[in-house]
Amino acid sequence: MSKFLNLVAGTALASTLIAAPAMAEKYGLGRPALADEIAAWDKDVAPDGTGLPAGSGDVLTGEEVFADNCAICHGDFAEGVDNWPKLAGGAGTLDHDDPLKTVGSYWPYLSTTWDYVNRSMPFGDAQSLSPDEVYAIVAYILYSNDLVDEEFVLSNENFTDVALPNVDGFILDDREVSEKHFWNPEPCMTDCKDSVEITMRALVLDVTPEKSGEDSAAAPAAAEEAAAPVQEAAPEPEVVAVVIDEELAKKGEKVFKKCKACHQVGEGAKNKTGPALNGIVGKTVAMADGFKYSKPMAALGAEGKVWSEEELAAFLTKPKKYLKGTKMSFSGLKKEKDIAAVTEYLKSFQD
Amino acid sequence: MTMSFKGTPSRRAFLKGAVAAGGTVASAGAASAAGDPLITEVQEWASATGEGVDATPYGLPISYESDVVRRNVEWLTADTISSINFTPIHALDGTITPQGCAFERHHSGAIDLKKEDYRLMINGLVDQPLVFTYEDLERFPRENRVYFCECAANTGMEWAGAQLNGAQFTHGMIHNMEYSGIPLRTLLEEAGVQTEGKWVYVEGADASSNGRSIPLEKAMDDVLVAFKANGEALRKEHGYPVRLVVPGWEGNMWIKWLRRIEVTTQAIESREETSKYTDTLANGIARKWTWEMDAKSVVTSPSPQAPIKHGHGPLVITGLAWSGRGAITGVDVSVDGGKTWQEARLGAPGQDKALSRFYLDYNWQGEEMFLQSRAKDSTGYVQPTKTQLRDVRGLNSIYHNNCIQTWWVKSNGEAENVEVS
């Protein structure tokens, strides 16, 4: 156990700290924090339920809220998509190679799940869920882990009755005991081993990123190209001038922060959780190369539907209402001026 | 974020350019019969004029150093917003890490927070909950201290075997800066900690909040609320305008965009101190509150990204060593995979919880080497081998891998990340 823990657990701390404030010099800087300000920021929830607001949510509501807000990354059944975290499963794997650590298999306290969902999720739109929605999502995560049945309702009243399976799966840092032999004032300097053989090589595994900017052939080639006689320029494709309201687009850039968790736009934009958005305004629906759209979205595209500003605004207001079955889990932009701004911003990136 | 700490063997061959020359190239600057034209002929730069002042109001490294940059490992994380990249330690010397290439780790992206919009709240078990502006913080007495910040997951991808081929990737989740800031103790005393207070819960202003619980004992000891690094404002990616500095303890606790400090009776058991940053042992039980970063070192050159490009003869073997428990007192280097060791030279006496630079001035005759380094700290701790660590912790710990690293330096000067018996 670390010496700090000894102090925290013991009474020694009290004696050292009581003295400190008494001797401390005050500078009279800062101002008193107001009760409303503290309430706005002090949102953490401890294992004993300290900090939980009143509210409740059931599994079935949770399933819906989860599908709308979480499933795009965590999967419909909390099983995880791509490299995003899996929230369910993994029971009994902690002593295996590559254990699967989920809320059900690993997390010791339910308060952590509530706190994290409430404070930091959904990714890219944090702090947008109501307490009841958070209770519902957490109830659904419990259900996905086979820890409650589908009638279960989670509330601030019964919250601390729920014990997670791995609550006793943790010990305090014991390195100073279990690794005492690493404190070895006189390490071996000569004849420390008989032979040295290679047992594993990184090159065999070959997972190191390539070093960029090292292609020595590229520079001379580019120079030659520049020196080559200029070919007769091909006629420029006719470009319809798009006049961008720069100020509005700038506001849109801020709104786009809500979208960035899933979408890229601009030079080098790639498909991520959502499709790349270059040239989206005025483009036929579901046309990003290589993106796997939901069936309803692909069908819209096949019909020849175009993302006009009006269609885009309708979609962004309430994506799930506009198109049932869309993979986009974002709940929608509530303010018309935000939609106008983000559309202007998107217009500034053509293909 | 989830890191999958094992790569798939589908990635293409690595670093071709870096090792192409190998050790066979003749020494640059050798004189031909006619003399070196760089000396015998008047060069353009010795004749014409250079750039005037103000060409770059804030200077960047010269273009020839464009390769000395942070890099990430794409397959580690789902995207770059909740991700990490790596300091190019293979290409740096000395001990201070320039901010511009110091590794970044975000849980919900680097946010843009103006000083004018900055507020720091202290609440919980205090006599007077307080709110400070950035200007308020600048009026408290401040200190300057150099500390390393290492992500607990540094070297985490190497638990199961040699995996990433470069010191930047195996050991680059670290930086070392000189911080200017206020002791956290000063701010806590300003609010007046009540006797029931045993912990502080600290959180950031970003969407992840990245809340962590720190025992009051540590908070009153050497923790800093910092607003400058290496003499200038913190970079956005390192928590501008204010971050927490928690000397010797895992980087995840160094809250960026610090917005709130709450004095509590108990640990909050946030996501980052339960589901993450806990160390699963072979029996499935996990250690928690493993805050200190144990003594560790790595040879930064030669290494896979920094092969030997000169001929036989004098070779500078160099690297970094650090300990979260105290100062580095010595570093041993082995060229034969740990059969024999010799004491390296420290660039300067070790400082508490800061990086030390070590050198071994070596006469290399083209022989293959299994290069290793072994750090020793002021508590008597000696950096363990990978085998010793696995014997205690198994293969699934992810965090706190401080094992001895081996580079296999071949006769052509190339180096590879290997494990040896």
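What's counted below: heavy atoms across the whole structure, side chains too, no hydrogens, waters or symmetry copies.
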statement: The interface call for B:R139 against chain A, heavy-atom contacts under 4.5 Å, is both
message: For B:K339 versus B:S334, what's the shortest heavy-atom pair and its separation?
response: N-OG, 4.0 Å
query: Based on non-hydrogen pairs under 4.5 Å, which of B:T186, B:D377, B:T406, B:D332 is most in contact with chain A?
result: B:D332
- prompt: What part of A:W41 gets closer than 4.5 Å to chain B, counting heavy atoms only: side chain, backbone, both or neither?
  reply: both
query: Salt bridge or not for B:R325 and A:E176, using N-O below 4.0 Å?
result: yes
- request: Could you tell me which portion of A:H96 (side chain, backbone, both or neither) has an atom closer than 4.5 angstrom to a non-hydrogen atom of chain B?
  value: backbone
message: As an exercise: rank A:R119, A:K260, A:K43 by heavy-atom pairs under 4.5 Å with chain B and give me the winner.
response: A:R119
field: Side chain / backbone / both / neither for B:D336 at chain A, heavy atoms under 4.5 Å
entry: backbone
query: Of all of B:R393, B:Q342, B:H400, which one pairs up most often with chain A through heavy atoms under 4.5 Å apart?
result: B:R393
Residue pairs passing the salt bridge (charged side-chain N to carboxylate O under 4.0 Å, His left out) test where at least one lies in residues 186-200 of chain A, sequence neighbours excluded: none
message: Under 4.5 Å from any heavy atom of chain B, what part of A:Y106 do you find: side chain, backbone, both or neither?
response: side chain
query: Are any of the side-chain heavy atoms of B:K276 and A:K101 separated by less than 4.5 Å?
result: no
- request: Give the intermediate values and the outcome of side-chain contact (heavy atoms from CB on, under 4.5 Å) for residues B:N402 and B:Y381.
  value: CA-CA 12 Å; B:N402 65 320; B:Y381 186 96; 2.9 Å; yes
message: So for atom CZ, which belongs to A:R31, do other residues, nucleotides or ligands contribute more than 12 heavy atoms lying within a distance under 6.0 Å?
response: yes
statement: Residue from A:E37, A:Q127, A:M121, A:R201 scoring the most non-hydrogen pairs under 4.5 Å with chain B is A:R201
- prompt: Which residue out of A:D168, A:D125, A:D115, A:D48 racks up the most heavy-atom pairs below 4.5 Å with chain B?
  reply: A:D48
- prompt: Is the closest basic N to carboxylate O distance between A:K26 and B:E189 below 4.0 Å?
  reply: no
field: Heavy-atom pair count under 4.5 Å with chain B, highest-scoring of A:P99, A:A126, A:G124
entry: A:P99
B:N210 versus chain A, the contacting section by heavy-atom distance below 4.5 Å: neither
- prompt: Does a side-chain N-to-carboxylate-O contact under 4.0 Å join B:R287 and A:D174?
  reply: yes
- prompt: Donor-acceptor pair, A:N145 side chain versus A:G89 backbone, under 3.5 Å?
  reply: yes
field: Heavy-atom check, side chain of B:P215 versus side chain of B:K198, under 4.5 Å
entry: no
- prompt: Of the listed residues (B:T340, B:N417, B:T290), which shares the most heavy-atom pairs with chain A below a 4.5 Å separation?
  reply: B:T290
query: In terms of heavy-atom proximity below 4.5 Å to chain B, should A:T50 be classed as side chain, backbone, both, or neither?
result: side chain
message: Within the structure provided, determine whether A:L164 and A:Y109 are in side-chain contact (heavy-atom separation under 4.5 Å).
response: no
task: Let me know if A:V45 has heavy atoms under 4.5 Å from chain B in its side chain, its backbone, both or neither.
output: backbone
Toward chain A, the part of B:V73 with a non-hydrogen atom under 4.5 Å: both
statement: Turns out that what part of A:F170 lies under 4.5 Å from chain B's heavy atoms comes down to both
field: Toward chain A, the part of B:A191 with a non-hydrogen atom under 4.5 Å
entry: backbone
- request: May I ask you to check if B:R374 and B:W341 form a cation-pi contact, with NZ or CZ under 6.0 angstrom from the six-membered ring centre and within 45° of the axis?
  value: yes
task: Check whether A:Y27 gets within reach of chain B through its side chain, its backbone, both or neither, counting any heavy atom under 4.5 Å.
output: both
task: Would you mind checking which part of B:A207 comes under 4.5 Å of any heavy atom in chain A, side chain (CB onward), backbone (N, CA, C, O), both or neither?
output: both
- request: Look at B:Q128, B:E273, B:Q266 and state which one has the largest set of heavy-atom pairs under 4.5 Å with chain A.
  value: B:Q266
task: Please work out whether the ring planes of B:W291 and B:W249 are parallel, tilted or perpendicular, with thresholds of 30° and 60°.
output: parallel
task: With a 4.5 Å cut-off on heavy-atom pairs, point out which of B:L130, B:L137, B:N72 contacts chain A the most.
output: B:L130
message: Taking side-chain contact (heavy atoms from CB on, under 4.5 Å) as the definition, give me every residue that meets it alongside B:T133, ordered by chain and number, with sequence neighbours left out.
response: B:R119, B:E135, B:D136
statement: Ranked by heavy-atom pairs below 4.5 Å to chain A, first place among B:T264, B:L187, B:T280, B:L389 goes to B:T280
